[in-house]
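Here the structure is a predicted model, which is why all the values come from computation and not from measurement. Read the numbers this way: they start at 1 and go in the same order the structure lists the ligands and their atoms.
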Amino acid sequence: MTDPLTTLSETRVFGGRLKRVRHQSAAVDCDMTFAIFLPPQVEDGVKVPVFYWLSGLTCTDENFTQKAGAFRVAAELGLAIVAPDTSPRGDGVPGDPEGAWDFGLGAGFYVDATEEPWARHYRMHDYVTRELPALVEGNFPVSDRRSIAGHSMGGHGALVCALKHPGFYKAVSAFAPIVNPAAVPWGEKAFGRYLGPDRDRWLEWDACALIAKAPERLPILIDQGDGDGFLEAQLKPQALVAAADAAGHPVTLRMQPGYDHSYFFISTFIEDHLRHHAAALVG
Ligand SMILES: N[C@@H](CCC(=O)N[C@@H](CSC=O)C(=O)NCC(=O)O)C(=O)O
């Protein structure tokens with residue numbers, strides 16, 4: 001062990017192990033909890049690649065582990081899964097002044113805030129792309145082959161992480177992502193507070209803007225339910241398809257008839273995403 005980690009729980013699942021781990025984060029300056037699934041292959045001494053999952057608004061590390069149904073296929077494919085929390089938390093970490101669920105605690109938006117009082121703790125991009133991978137790779141039997149996926153706010157996070165860090169991830173995908181946060185109500189509220197009023201600076205955290213100048217054309221897989229109540233106002237996946245087409249960036253958008261925004265939708269298609277990631281990660 002190179003970093004002080006506290007194991008909160010350890011559970012056997014599909015021949016592997018699911019752990020919840022707490023540590024002091026320098027990036028977000030508070031204690032953080034993440035989940036890590038280690039597939040059975042690690043027990044034969046194999047260093048396995050890591051699939052990072054970023055959850056959406058209101059989530060912790062536990063929504064994905066308890067609801068997505070990912071572990072049978074991850075065990076088969078030999079993938080580790082790491083699911084961090086969605087924001088800093090704890091004493092001294094400010095939340096939404098009105099207690100709303102779409103900003104602050106559980107809603108870090110995977111950006112590095114520049115404005116007060118958010119800038120000290122709300123640095124989830126730095127946490128997810130730098131501190132957490134270093135911690136995981138220094139303390140668990142995993143390789144440096146990584147991929148990233150997420151849902152809704154976490155889908156936005158996954159797309160932005162991949163687009164801002166060419167070569168760092170081998171695959172990227174998203175369920176019902178917020179693709180154009182600079183132009184929808186959830187993103188306008190969060191970016192206005194975390195990043196300040198200059199909308200040009202918001203574009204550094206917007207997949208539709210980043211894709212135009214991406215130095216790497218990593219194919220993007222997106223699943224989106226057409227019965228999703230957030231589709232028209234917050235998600236707008238066609239905006240990413242248009243930006244990707246203009247840039248020559250490969251995107252596959254699968255509109256899934258009748259599916260909503262929930263983890264029932266995610267659990268239905270998570271196997272496809274894991275296999276998409278494994279094709280790039282394993283071998
Ligand atoms: N107010 C509701 C709705 C919040 C919600 O739907 N959250 C989604 C993510 S939305 C975009 O980021 C979610 O993943 N919820 C957790 C779950 O397990 O379904 C609420 O408080 O749940």
Side-chain angles (χ1 to χ4, degrees), residues 18 20 33-35 37 51-71 81-89 95-111 113 118 122 124-125 127-128 148-162 172-195 202 205-208 220 222-237 239-240 253 255-256 258-270 273:
L18 173 65
R20 293 189 77 211
T33 300
F34 66 89
F37 169 75
F51 170 94
Y52 286 86
W53 173 266
L54 304 184
S55 286
L57 293 164
T58 73
C59 292
T60 68
D61 62 292
E62 294 193 290
N63 296 72
F64 182 81
T65 61
Q66 294 182 0
K67 293 182 171 181
F71 298 130
I81 296 176
V82 171
D85 204 344
T86 55
S87 77
R89 296 183 198 267
D96 184 274
E98 283 84 43
W101 58 268
D102 58 359
F103 180 79
L105 303 177
F109 269 83
Y110 306 102
V111 299
W118 319 109
Y122 283 83
M124 287 298 290
H125 181 79
Y127 176 67
V128 163
I148 192 158
H151 171 228
S152 196
M153 175 185 72
H156 139 73
L159 295 172
V160 168
C161 288
V172 61
S173 69
F175 290 82
I178 307 167
V179 301
N180 197 185
V184 301
W186 277 340
E188 288 175 324
K189 176 176 179 178
F191 285 11
R193 293 179 179 185
Y194 292 139
L195 304 173
W202 299 6
W205 303 98
D206 184 295
C208 284
I220 296 171
I222 294 176
D223 273 313
Q224 173 65 61
D226 74 4
D228 184 330
F230 298 119
L231 176 57
E232 299 303 328
Q234 307 282 5
L235 306 176
K236 301 178 186 286
L240 187 72
L253 170 62
M255 294 303 299
Q256 303 292 2
Y259 287 89
D260 65 14
H261 199 64
S262 72
Y263 268 84
F264 293 111
F265 162 57
I266 295 169
S267 66
T268 303
F269 298 105
I270 192 65
H273 286 241

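With values rounded to the nearest 0.5 angstrom, D85 atom CG is found 9.5 Å from L105 atom CG. Taking CH2 from W205 and CG from L195, the interatomic distance works out to 7.5 Å, rounded to the nearest 0.5 Å. Taken to the nearest 0.5 Å, the CD1 atom of I178 stands 10.0 Å off from the OH atom of Y110.
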For this session: Go through I148 and V128 one step at a time and tell me if the side-chain contact (heavy atoms from CB on, under 4.5 Å) criterion holds.
Result: CA-CA 10 Å; I148 192 158; V128 163; 4.2 Å; yes

Quick check on ligand 1: any N or O pairs to the protein under 3.5 Å? One line per pair.
from: ligand 1; atom 1: 7 (N); to: L57; atom 2: O; distance (Å): 3.0
from: ligand 1; atom 1: 12 (O); to: L57; atom 2: N; distance (Å): 2.8
from: ligand 1; atom 1: 12 (O); to: S152; atom 2: OG; distance (Å): 2.8
from: ligand 1; atom 1: 12 (O); to: M153; atom 2: N; distance (Å): 3.0
from: ligand 1; atom 1: 18 (O); to: N63; atom 2: ND2; distance (Å): 2.8
from: ligand 1; atom 1: 18 (O); to: K67; atom 2: NZ; distance (Å): 2.7

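Between H261 and H151, the ring-plane angle classifies as tilted under the 30° and 60° cut-offs.
Applying the side-chain contact (heavy atoms from CB on, under 4.5 Å) criterion to E62, with sequence neighbours excluded, gives R20, T60, T65, Q66.
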